[in-house]
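Take a look at the structure set out below.
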Amino acid sequence: MAKWLVKSEPSECGIDDFAESPGKVIPWDGVRNYQARNFLAQMREGDDVFLYHSSCKHIGIAGIIRVVRSAYPDPTQFDPESHYYDPKSSPENPRWQAVDFTLERKLNQLMPLDQIKQLPGLESLPLVRRGNRLSVMPVSDDEWQIILSQT
DNA sequence: GCCAACGTTGGC
DNA sequence: GCCAACGTTGGC
């Protein structure tokens, strides 16, 4: 089972949105970066994903979510009313993908970015590399364990 | 709010 | 196909 990390601004969609009600399913749409999209498309049902809170007061990994539906065409790309509308995309030739997530568990306490940066063995994780903007990235089993062992 | 880093766009 | 201009991301 592959493992991943996704970034989100908690004001947009954070761990508490997942924790709001048991079994809540949230579509992960609005990804508009090709590299991130390609990773989304590789996700499989049952994969585990770190949810990272970005651009906020408490930056870091807030919990673990799980893929409950693998990639399908992101409906927001076809909706002219949507902020994520893409006029160059069509149902016949969709350009963007979405997946569905549900909560696995919220961490007892958020693991802050500065702590993650200090962990040996995460040097190749895009998250901790300077200037990196990738919002969906793979996490190796080793990296996953290194992070989990700190919780 | 600032600004460095990055991805995308579009003129040539 | 190059690359300058632009818009966005995201930590600080």
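What you see is a predicted model, and the numbers here were worked out from it, not measured in a lab.
A straight line from CG of A:Asn132 to C1' of C:dT9 spans 10 Å, rounded to a whole angstrom. Straight-line distance from the CG atom of A:Asp114 to the P atom of C:dG10: 17 Å, rounded to whole Å. Rounded to whole angstrom, the span from the NZ atom of A:Lys88 across to the C1' atom of B:dG10 amounts to 10 Å. Protein atom CG of A:Leu134 is 18 Å distant from nucleotide atom P of C:dT8, rounded to whole Å.
Contact annotation: A:Lys7 side-chain N/O to C:dT9 OP1/OP2 distance is not under 4.0 Å. At the phosphate of C:dG11, neither OP1 nor OP2 sits under 4.0 Å from any side-chain N or O atom of A:Arg130. Remark: A:Tyr52 is not in phosphate contact with C:dT9, judged by side-chain N or O atoms under 4.0 Å from OP1 or OP2.
Listed nucleotides: B:dG7, C:dG10, C:dC12. Nearest to the side chain of A:Ser55: C:dG10. With C:dG11, B:dT9, B:dT8 as the choices, the nucleotide that has an atom nearest any side-chain atom of A:Ser54 turns out to be C:dG11.
Other residues, nucleotides and ligands contribute more than 12 heavy atoms inside 6.0 Å of the CD atom of A:Glu123.
Put simply, A:Tyr84 and A:Val99 are part of two different groups of oily side chains (I, L, V, M, F, W, Y) that touch within less than 4.5 Å, one to the next.
Using a 4.0 Å cut-off between charged side-chain N and carboxylate O, A:Asp17 and A:Lys24 make no salt bridge. For A:Arg95 and A:Asp86, the salt-bridge test passes: some basic side-chain N is under 4.0 Å from an acidic carboxylate O.
A:Lys57 comes within 4.0 angstrom of nothing in the nucleic acid, heavy atoms only.
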